[in-house]
Amino acid sequence: MAPYLDLVFDIPAKERFTYRNFSEDPSPGKGKNQAAFGKRAMAPFGKRELLGYIVAERAEAPPGMEPRAIREIRRVVDAEPVFGEEDLALAAWISGYYLCSLGEALAAMIPSGRRFMSYPSLYQEGDIAPSPPELSGEQLRALEALCAGLPESPAGSEGPKPGGSFPMFYLYGITGSGKTEVFLRAAQEYIRQGKSVIYLVPEIALTHQAAQAIASRFGPLAATVHSGMSPGARLSQWMRARRGELRIVAGPRSAVFSPLRNLGLIIIDEEHDGSYKSGNTPRYHARQTAMRRCAASGAALLMGSATPSAEAWKLMGDGLITRLNLSRRLAGGEPPKVRTVSLEGTQGCLTPELKEEILQTARMGRQTILFLNRRGFAYFYHCPACGFELTCKHCSVSLTWHKGKGRAVCHYCGYSEAPPRSCPNCGSLEAGFRGFGTEMIEEEVRRTFPGLTVRRVDADSMGKKGDLEETLGLFRSGAVDILLGTQMVAKGLNFPGVRLVGVILADTGLHLPDFRAAERTFSLLVQVAGRAGRYFPDGKVIIQTLRMGDPVIEKSAALDVEGFFRAEIAQRKTLGFPPFTRLIRFNFRSRDPERADKAAARLAALAGPLLPPGADMLGPAECPIGIIAGNHRRHLILRGPAMGPLHGAASTALIRYDKGKDSRVYVETDVDPVNLL
Ligand code: ADP
Ligand code: ZN
Ligand code: ZN
């Protein structure tokens with residue numbers, strides 16, 4: 001038993017901390033687990049007690065450290081190690097790339113559960129998997145290319161090539177072209193050859209349907225993880241993967257860390273999806289992390305989408321990713337007919353064209369999806385007399401009127417207040433809420449079509465666990481005519497009955513001060529349009545807009561991915577934005593605006609002289625959303641042609657900044673930011 005242990009904690013401190021192990025026989029109060037590399041232990045830290053990760057065992061105290069001054073760990077949490085050398089190497093990479101501490105990286109990777117909890121498997125002994133469809137020619141060709149590197153494949157017998165090069169594929173197929181089937185077959189092939197597979201899906205898309213398909217194909221070899229699981233249940237799945245009991249793990253972003261043995265393939269479904277980027281430290285991207293895992297193990301990377309990210313699109317263009325095309329719908333559908341309609345001059349939010357199509361669809365006994373990316377009833381409060389706008393007390397954003405709750409609500413911090421009866425500034429009675437959200441659409445749709453059944457799906461209506469499943473189940477069964485909602489209805493849904501998709505207002509995200517606004521709007525519109533006509537060749541989409549003729553909306557309506565990227569990529573190149581440059585963003589938060597300003601200016605002054613050739617700095621500036629929950633927000637963005645040198649500058653600047661930093665300003669680093677608000 002090693003007398004000393006090095007621990008790291010889920011705190012920003014970059015150091016490893018040495019502790020003394022228990023003496024030979026741990027006293028009763030300390031539990032019976034022995035300390036060892038890879039386990040977690042409770043240890044005194046300052047006046048607190050923290051959960052630490054044992055990253056090394058050591059025979060002697062570190063040089064220069066007085067052995068008697070070294071504190072003893074309190075308790076070992078785990079009976080067996082929860083991480084190994086490979087996981088530690090991945091954590092070290094995360095900490096280097098995303099500029100966080102090793103402890104923060106391990107905390108993001110390893111489920112926080114302390115005890116194992118069983119989780120009911122979707123698979124039941126004796127379940128018979130429905131026989132999969134016969135692959136189309138395109139699907140077969142894609143599958144053959146994907147398996148060409150496997151030893152038993154007829155195309156060749158190159159084994160894995162650890163240490164850098166690994167094959168990257170992109171299954172680029174229109175919505176409904178059967179990408180899922182190719183993913184599942186590829187996974188089967190890799191598993192048959194003794195490899196294991198990680199299957200990543202966007203946060204909310206792991207519907208029961210997808211989980212069920214995976215469970216029934218792979219039986220007890222498969223596990224799905226999702227955000228609704230308890231930490232203990234997640235830890236159990238993690239340990240099953242580690243012990244080699246699982247061969248395929250499906251789940252959102254964090255499933256990329258699954259400690260599967262003999263990793264052969266990582267699949268990233270809907271590669272463009274924003275939920276693959278973490279919103280907290282470490283702000284890792286599952287795609288970047290997957291690339292690193294593949295480089296370390298020689299595993300293949302397979303991404304797929306109908307609307308690739310600009311990054312992936314460029315890599316395909318440069319020939320670094322092999323593109324595999326699926327160009328047809330296979331379940332009897334065809335790409336829908338899309339029409340754009342001006343919303344200008346319409347009373348309410350439904351144009352005559354959209355109303356007519358909804359009626360027509362209902363007469364045919366088919367279903368409609370209505371999409372608007374805005375919650376609540378009315379969007380902002382404006383006074384035409386004095387120009388007053390009602391904003392949150394703690395954030396620099398407008399309050400949204402939620403009629404059902406009878407409150408004006410802040411979507412950023414949750415603050416709410418009773419809506420004013422007249423303008424709080426000048427008393428004008430003309431002041432009021434303008435714009436519309438899903439709640440208002442629901443009211444108008446119910447009023448206009450009293451005979452049709454309507455269900456709304458958004459963060460407000462789907463309060464309880466299981467609400468979403470239930471509503472989607474009702475829609476699938478045909479008991480609901482119109483499904484209405486935010487992004488939640490835009491992604492991944494595969495319903496035979498849907499003939500019509502109506503986009504209430506396509507422009508909501510276009511004006512945002514973020515260079516990805518066009519890309520996001522485009523992929524969202526194409527994805528939501530892709531819900532129509534998957535099983536019958538008469539799908540219709542109506543896109544309502546206040547910006548008739550806007551090129552992004554026109555390209556979306558034409559479902560023209562190539563055309564969109566031709567223009568978008570050219571513009572990114574001109575403006576010097578990713579994928580032509582890389583970014584590192586620093587966010588500063590403080591209760592005190594002056595402190596935030598000073599801190600941002602100080603880091604800028606430190607980073608400026610360190611910038612590598614060709615790099616520059618944007619800001620420091622106030623963030624587009626200047627205040628959230630009482631915190632004043634500033635940012636500074638480093639931009640350069642390559643990540644390596646930019647990293648060097650950023651980390652050196654941060655180290656210098658940390659000496660003498662203002663402890664009342666919180667600084668967060670975001671490498672490859674996807675959100676600049
Ligand atoms: P995507 O992920 O590309 O949007 P899906 O994987 O959801 O598309 O497939 C759309 C539909 O096509 C599904 O209902 C699926 O069962 C069906 N499908 C997939 N492959 C085939 C095939 N080879 N023959 C017939 N139907 C298929
Ligand atoms: Zn007023
Ligand atoms: Zn707020």
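Both ligands and their constituent atoms are indexed starting at 1 by order of listing. This structure is a prediction, so every number in the text was calculated from the model and none was measured.
- Less than 4.0 angstrom separates atom 15 (C) of ligand 1 from none of the non-hydrogen atoms of the protein.
- The nearest protein atom to atom 12 (O) of ligand 1, hydrogens excluded, is given as Ala331 CB, 3.6 Å; this is a heavy-atom distance.
- With distances taken over non-hydrogen atoms, the option nearest atom 20 (N) of ligand 1 out of Gln139, Glu270, Arg531 is Gln139.
- Only backbone heavy atoms of Thr175 (N, CA, C or O) come within less than 4.0 Å of ligand 1; its side chain stays farther off.
- When atom types are taken as modelled, the side chain of Lys555 and the backbone of Glu562 share no donor-acceptor pair closer than 3.5 angstrom.
- Under a 4.0 Å criterion applied to the non-hydrogen atoms of Ser136, ligand 1 contributes the atoms 23 (N).
- Residue, atom and distance of the protein heavy atom nearest to atom 7 (O) of ligand 1 are Arg534 NH2, 3.2 Å.
- Geometrically, Arg374 engages Phe436 in a cation-pi contact defined by less than 6.0 Å to the ring centre and at most 45° from the axis.
- Looking from atom 10 (C) of ligand 1 to the surrounding protein, the closest heavy atom is Gly176 O, 3.7 Å.
- In terms of heavy-atom proximity, Ala557 sits nearest to Thr340 at CB-CG2, 4.0 Å.
- In this structure, the side chains of Glu389 and Ser398 come closer than 4.5 Å at one or more pairs of heavy atoms.
- Taken to the nearest 0.5 Å, the CD1 atom of Ile268 stands 11.5 Å off from the OG atom of Ser305.
- Considering all non-hydrogen atoms of both residues, Leu390 and Pro420 come closest at CD2-CD, 3.8 Å.
- Listed by number with element, the atoms of ligand 1 under 4.0 angstrom from any heavy atom of Ser177 are 1 (P), 3 (O), 8 (O).
- The residue from Leu171, Thr180, Leu184, Asp269 that puts a heavy atom closest to atom 6 (O) of ligand 1 is Thr180.
- The contact set between ligand 1 and Gly178, taken as ligand atoms under 4.0 Å from a residue heavy atom, comprises 1 (P), 3 (O), 5 (P), 6 (O), 8 (O), 9 (O), 19 (C).
- Atom CZ of Arg366 and atom NZ of Lys540 lie 11.0 Å apart (nearest 0.5 Å).
- Distances between N or O atoms of Asn494 and those of ligand 1 include at least one value under 3.5 Å.
- Close approach to Lys179 involves these atoms of ligand 1, each under 4.0 Å from a residue heavy atom: 1 (P), 2 (O), 3 (O), 4 (O), 6 (O), 8 (O).
- Residue contact check: Glu134 has heavy atoms under 4.0 Å from atoms 22 (C), 23 (N), 24 (N) of ligand 1.
- Within the protein, the N, O or S atoms sitting under 2.8 Å from the Zn ion (ligand 3) are Cys392 SG, Cys395 SG, Cys410 SG, Cys413 SG.
- In this structure, Leu146 and Glu189 have side chains that are not in contact, with every pair of non-hydrogen atoms separated by 4.5 Å or more.
- Side-chain contact, Glu668 with Tyr666: no donor N or O sits under 3.5 Å from an acceptor N or O.
- When SG of Cys423 and SG of Cys383 are joined through the Zn ion (ligand 2), the resulting angle is 110° to the nearest 10°.
- One side chain, Ser309 or Glu271, offers a donor N or O that lies under 3.5 Å from an acceptor on the other.
- From Thr281, atom OG1 reaches atom CG of Asp670 across 8.5 Å, with rounding to the nearest 0.5 Å.
- Counting only heavy atoms from C-beta outward, the side chains of His635 and Pro624 approach each other to under 4.5 Å.
- Between Val674 and Tyr276, the closest side-chain pair of non-hydrogen atoms is not below 4.5 Å.
- Here the protein heavy atom with the shortest distance to atom 27 (C) of ligand 1 is Leu330 CB, 3.8 Å.
- With salt bridges taken as basic N to acidic carboxylate O contacts below 4.0 Å, one links Glu181 and Arg217.
- The side chain of Pro133, and not its backbone, has at least one atom closer than 4.0 Å to an atom of ligand 1 (non-hydrogen atoms only; side chain from C-beta on).
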